[in-house]
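Please read the structure below before turning to the comments.
The sequence lines fix the lettering, A, B, ..., with proteins before strands; numbering per chain opens at 1.
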Amino acid sequence: MAHQLTGGACIRLNEPIGGDDELFNMRPTVQFLSFKKVVPAPGSSATVDRYRVIISDGEHFLQAMLATQLNHLVEDEKITKHSIATIEKFTCNLVQDKRLLIILSLQIVAKDSSKIGNPTPIQSPSGPNAAGALPQKTAPAASTSTMTARPPPAALAQQPPRQQTRNGRNTVYPIESLSPYQNHWMIKARVSQKSDVKTWSNQRGEGKLFSVTLMDETGEIKGTGFNNAVDELYDKFQEGKVYFVSKARVNLAKKKFSNVQNEYELTFERNTEVEECHDVTNVPTVRYNFVDIGKLSEITKDSVCDVIGVVKDVGQLGEITSKTTNKTVSKRDLTLVDRSGFSVRLTLWGKQAETFVAEDQPVIAFKGVKVGDFGGRTLSMFSSSTMQVNPDIPDAHALRGWFDAAGVDQNYQAQSSSGGGGGGSYGQFERAEILPVNTVKEREMGMSDKPDFFLCRATIMHLKTENIAYPACHTDGCNKKVIEGHDGWRCERCDRSWEKPQYRYIVSLAAADYSGQAWLQGFNDAGQVIFDSKSADEVVEVKDRDDVAFNKIVEQAMGKTYNFVCRAKQETFNDSTRIRYSIQRILPVSYKEEGAYLANLLRRSDWAR
DNA sequence: CCCCCCCC
């Protein structure tokens with residue numbers, strides 16, 4: 001029944017932010033066309049699900065969000081597809097240049113109905129930029145009001161700015177309300193993180209920069225200063241202190257390069273004002289959303305999370321050379337434990353690695369660390385991650401008490417390698433989760449541009465015997481294939497020839513477990529294990545000389561079960577792309593270690609219940 | 001205007 005719906009409601013609701021008060025006073029009756037649950041990204045500061053809905057006025061439809069206090073209406077099926085309701089209160093936010101309607105309260109008119117009319121999408125996109133594209137009568141003065149100092153409706157409805165003043169005039173805006181379409185704002189925020197000054201030099205020029213993460217009750221935002229702004233502001237900003245910040249430019253955040261939870265970011269400019277604020281009420285210190293170390297396996301690789309743990313071990317300072325930039329970087333691995341009975345390796349980089357002082361097993365809270373999946377789960381600091389040693393927070397005190405009383409003598413199940421080369425023959429993969437072969441495939445490991453590592457336990461079902469080895473250079477670590485020529489076997493890389501090649505294994509084997517089978521590629525180390533410590537030279541010699549003896553060697557390799565540490569990576573040759581599983585390590589199953597591992601699992605605190 | 005976040 002079309003007359004139940006408020007005609008033209010969607011067009012009006014889609015008007016630019018800053019529209020007249022009349023707009024916010026309207027109580028349109030609309031029909032819900034769909035509901036979609038939006039689950040917060042792992043590591044995001046959001047912790048509750050939200051519902052994205054599509055509403056219709058019978059002529060047009062429009063996307064909106066339900067405020068979380070209305071979630072129960074969907075979950076209890078008080079509103080369903082085609083329900084009709086009157087929106088009693090709403091607000092809107094700007095998200096990436098788009099306007100997002102948020103329904104704050106509604107009155108259900110009819111729970112069950114059928115679809116009314118044949119609504120179409122609203123045509124012109126309506127960021128404030130697009131205001132001119134809207135019919136004049138629907139957007140009176142809207143484009144100018146967005147440029148005034150007036151807080152946006154979102155801030156009015158959800159976060160009324162406290163009428164705190166500075167110099168008797170400025171209103172404090174919540175970080176949440178900042179957008180590029182607004183000039184005269186001022187935020188009051190704590191610096192939760194300040195970077196070092198970095199310099200760059202590329203085709204476009206060179207310069208220096210620094211960045212901070214600013215935080216208030218409503219959210220966080222990254223701010224960056226270049227060149228002059230470094231001189232002006234770098235020393236002024238102190239980690240942990242609170243500042244009024246205004247007149248910085250607001251840009252769309254390039255999310256790819258930042259893990260700060262905000263669609264926008266700030267650039268500090270010549271006239272940017274920064275003034276320390278000594279009234280720090282209502283400006284939170286670092287907000288943590290800790291994940292148990294034992295739950296890290298549930299967190300997606302490459303996401304960002306907060307972790308608190310006792311530093312059980314501090315690794316040596318090491319150095320790596322980045323494959324992409326060729327630069328050397330210092331690193332140091334810490335082993336963290338918590339009450340979940342698990343441990344995890346966390347890597348510090350650069351200055352943080354160098355200056356880390358190995359105190360007496362402190363509790364450290366980490367914010368915004370990256371989750372990796374090398375041999376299970378690992379953690380790694382970003383430049384924007386922060387750590388607090390022995391923070392004065394309840395979680396830390398509880399951990400300290402537990403660890404000193406009980407945790408210190410406990411065994412931990414590793415989410416990842418310990419970094420310092422662990423004891424058993426499983427080495428650093430000692431306690432990584434053993435994945436069924438099918439799970440490796442189902443998880444599409446190796447499908448991204450970066451390799452994935454996994455551990456599986458499988459039995460050799462088949463071995464390709466045609467090319468079991470290749471003639472290689474003798475030079476230690478060269479391993480390059482050599483070609484027979486007039487002066488012997490020549491290595492292009494080493495620019496020298498050998499009288500005889502040194503054969504190295506390249507084994508292609510099918511390994512199976514209860515779940516399925518996969519073809520794995522192994523190199524010399526794997527071949528030596530599979531062929532009972534025989535060198536490739538020996539086996540090639542037998543193969544050339546005595547078929548029966550060679551078949552016997554192959555026979556004895558079959559049906560044996562190993563733990564395979566594998567690397568999955570997509571490779572393309574001849575226009576076809578497939579995932580290659582290469583064996584990084586092959587380990588005979590140690591029943592003694594397996595027994596100890598299982599006993600340890602049983603001792604885990606959360607299994608004892 | 002940076003933008004790398006690394007290695008086994």
- Task: Would you please name every residue forming a ring-ring contact (aromatic ring centres under 6.0 Å, His included) with A:Phe226, sequence neighbours left out?
- Result: A:Trp200
- Query: How long is the gap from OG on A:Ser582 to CZ on A:Arg580, to the nearest 0.5 Å?
  - Reply: 6.5 Å
- Only one of A:Arg270, A:Lys236, A:Lys208 forms a salt bridge (Lys or Arg N to Asp or Glu O under 4.0 Å) with A:Asp231, so which one is it? A:Lys208
- Query: Partners of A:Ala396 by side chain to side chain contact (heavy atoms under 4.5 Å, CB included), sequence neighbours excluded?
  - Reply: A:Ile308, A:Val363, A:Pro391, A:Ile393
- Note on the structure: Whole-Å distance, A:Lys301 NZ to B:dC5 C1', equals 13 Å
- Query: Is any N or O donor-acceptor pair between the side chain of A:Arg345 and the base of B:dC8 shorter than 3.5 Å?
  - Reply: yes
- Query: Is there a donor and acceptor pair, one atom on the side chain of A:Ser383 and one on the base of B:dC5, closer than 3.5 Å?
  - Reply: yes
- Message: Between the base of B:dC2 and the ring of A:Phe226 - centre-to-centre under 5.5 Å, planes within under 30° - is that a stack?
- Response: no
- Message: Please classify the nucleic acid contact of A:Thr224 as base, sugar-phosphate, or nothing, using heavy-atom distances under 4.0 Å.
- Response: base
- Would you mind telling me which residue lines up with the more 5' stretch of DNA chain B, A:Val329 or A:Glu206, judged by nearest nucleotide? A:Glu206
- Query: Which whole-number value in Å describes the distance from A:Leu252 CG to B:dC3 C1'?
  - Reply: 16 Å
- Query: If you look at every strand shown and take non-hydrogen atoms under 4.0 Å, does A:Gln203 touch a base, only sugar-phosphate, or nothing?
  - Reply: nothing
- Task: Look at all strands and tell whether A:Ser384 reaches a base, only sugar-phosphate, or nothing, counting heavy atoms closer than 4.0 Å.
- Result: nothing
- Task: Measure from CG on A:Leu346 to P on B:dC6 and round the result to the nearest Å.
- Result: 12 Å
- Take atom CD1 of A:Ile320 and atom C1' of B:dC4, then tell me their distance rounded to the nearest Å. 11 Å
- Which nucleotide sits closest to the side chain of A:Lys370: B:dC1, B:dC5, B:dC7? B:dC5
- Classify the side chain of A:Lys331 versus the base of B:dC7 as yes if they form a donor-acceptor pair under 3.5 Å and no if they do not. yes
- Closest to the A:Trp349 side chain: B:dC7, B:dC5, B:dC3? B:dC7
- Rounding to a whole Å, what distance do you find between A:Lys351:NZ and B:dC5:P? 20 Å
- Item | Nearest-Å distance for atom pair CG/P, residues A:Asp333 and B:dC7 | 13 Å
- Answer with base, sugar-phosphate or nothing: what part of the nucleic acid does A:Lys327 contact at a heavy-atom distance below 4.0 Å? nothing
- Message: Rounding to an integer number of Å, can you tell me how far A:Tyr234 OH sits from B:dC2 P?
- Response: 19 Å
- Message: If you apply the rule salt bridge (charged side-chain N to carboxylate O under 4.0 Å, His left out), what do you find for A:Lys198 with A:Asp196, and how did you get there?
- Response: CA-CA 6 Å; A:Lys198 286 177 272 186; A:Asp196 295 332; over 6 Å; no
- A:Lys198 NZ to B:dC5 P, straight-line distance once rounded to whole Å: 11 Å
